[in-house]
Amino acid sequence: MLFYSYFKTLVGKQITVELKNDLAISGTLMSVDQYLNIKLENTKVVDEDRYPHMRSVRNCFIRGSVVRYVQLPPEAVDVDILHDATRREARGS
């Protein structure tokens, strides 16, 4: 639940999601659920030359099981909050 709680705080921010098939999609995070399924709007494929068929896609839903990485905006990463949340989860509270 740690990642789910953290990703909920990023709703409305620009992120890049890299999928297991090497496709990387940037867009505005609109929603995330407990399975880390992600809904993006205003999407853009990072390598449009490699995936020309994805140029017209503007909104997408990404199943959590196909996500390899999520690149977050640097200003959205608060290391102190993540450390505290990790400690709380490790203690079971």
Side-chain angles (χ1 to χ4, degrees):
M1 294 303 281
L2 173 66
F3 288 109
Y4 170 58
S5 300
Y6 183 69
F7 278 113
K8 284 195 313 186
T9 66
L10 297 174
V11 170
K13 299 205 189 286
Q14 189 77 18
I15 64 169
T16 301
V17 180
E18 182 180 329
L19 308 181
K20 291 180 181 176
N21 66 356
D22 294 328
L23 175 64
I25 303 172
S26 294
T28 305
L29 180 64
M30 297 312 292
S31 66
V32 62
D33 67 9
Q34 69 270 23
Y35 302 106
L36 298 182
N37 296 320
I38 296 171
K39 181 180 177 188
L40 295 177
E41 288 189 356
N42 304 318
T43 59
K44 182 178 178 195
V45 175
V46 173
D47 188 4
E48 285 187 353
D49 295 335
R50 189 171 172 195
Y51 301 97
H53 58 284
M54 295 293 292
R55 285 187 180 140
S56 62
V57 176
R58 293 292 162 237
N59 303 315
C60 68
F61 178 85
I62 302 170
R63 184 181 165 117
S65 64
V66 301
V67 174
R68 181 182 292 151
Y69 298 113
V70 177
Q71 298 174 13
L72 308 174
E75 66 275 1
V77 178
D78 187 345
V79 177
D80 294 329
I81 290 175
L82 288 173
H83 283 166
D84 291 342
T86 304
R87 287 187 198 107
R88 276 195 306 275
E89 187 158 304
R91 280 185 268 160
S93 11

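In this chain, numbering begins with 1 at the start of the sequence shown.
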Checklist entry - Is a side-chain donor or acceptor of R58 paired with a backbone partner of T43 at a separation under 3.5 angstrom? => result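 The answer is yes, because a donor-acceptor pair under 3.5 Å joins these two groups.
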Checklist entry - From E41 CD over to C60 SG, what is the distance, rounded to the nearest 0.5 angstrom? => result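 So the CD of E41 and the SG of C60 are separated by 9.5 Å.
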Next on the checklist: Please determine whether side-chain contact (heavy atoms from CB on, under 4.5 Å) holds for the pair F7 and L36, giving the CA-CA distance in whole Å, both sets of side-chain angles, and the decisive distance to 0.1 Å.
Outcome noted: CA-CA 8 Å; F7 278 113; L36 298 182; 3.8 Å; yes
Next on the checklist: Are more than 12 heavy atoms, taken from residues, nucleotides or ligands other than F61, located less than 6.0 Å from that residue's CZ atom?
Outcome noted: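 Yes, the 6.0 Å shell around CZ holds more than 12 heavy atoms from other groups.
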Item to check | Results of side-chain hydrogen bond (donor to acceptor under 3.5 Å, both in side chains) for S65 - residues two or more places apart only | outcome: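 Residues passing side-chain hydrogen bond (donor to acceptor under 3.5 Å, both in side chains) with S65: R63.
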Item to check | Co-membership, hydrophobic cluster, residues M54 and Y69, 4.5 Å side-chain | outcome: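 Different clusters.
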Next on the checklist: Grouping I, L, V, M, F, W and Y whenever their side-chain heavy atoms are under 4.5 Å apart, do M30 and V57 come out in a common cluster?
Outcome noted: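 Different clusters.
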Return a table of donor-acceptor pairs under 3.5 angstrom between the side chains of residues 11-19 and protein atoms on other chains or two or more places apart.
{"unit_1": "Q14", "atom_1": "OE1", "unit_2": "T28", "atom_2": "OG1", "d": "3.4"}
{"unit_1": "T16", "atom_1": "OG1", "unit_2": "S26", "atom_2": "OG", "d": "2.8"}
{"unit_1": "E18", "atom_1": "OE2", "unit_2": "R68", "atom_2": "NH1", "d": "2.8"}

Side-chain heavy-atom pair [X], [Y] within 4.5 angstrom cut-off:
X	Y	answer
I38	L40	yes
D22	Y51	yes
V67	I62	yes
L10	L72	yes

Checklist entry - Got a sec, which residues hit salt bridge (Lys or Arg N to Asp or Glu O under 4.0 Å) with D49, two or more places apart in sequence or on another chain? => result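 For D49, the residues satisfying salt bridge (Lys or Arg N to Asp or Glu O under 4.0 Å) (neighbours in sequence not counted) are R55.
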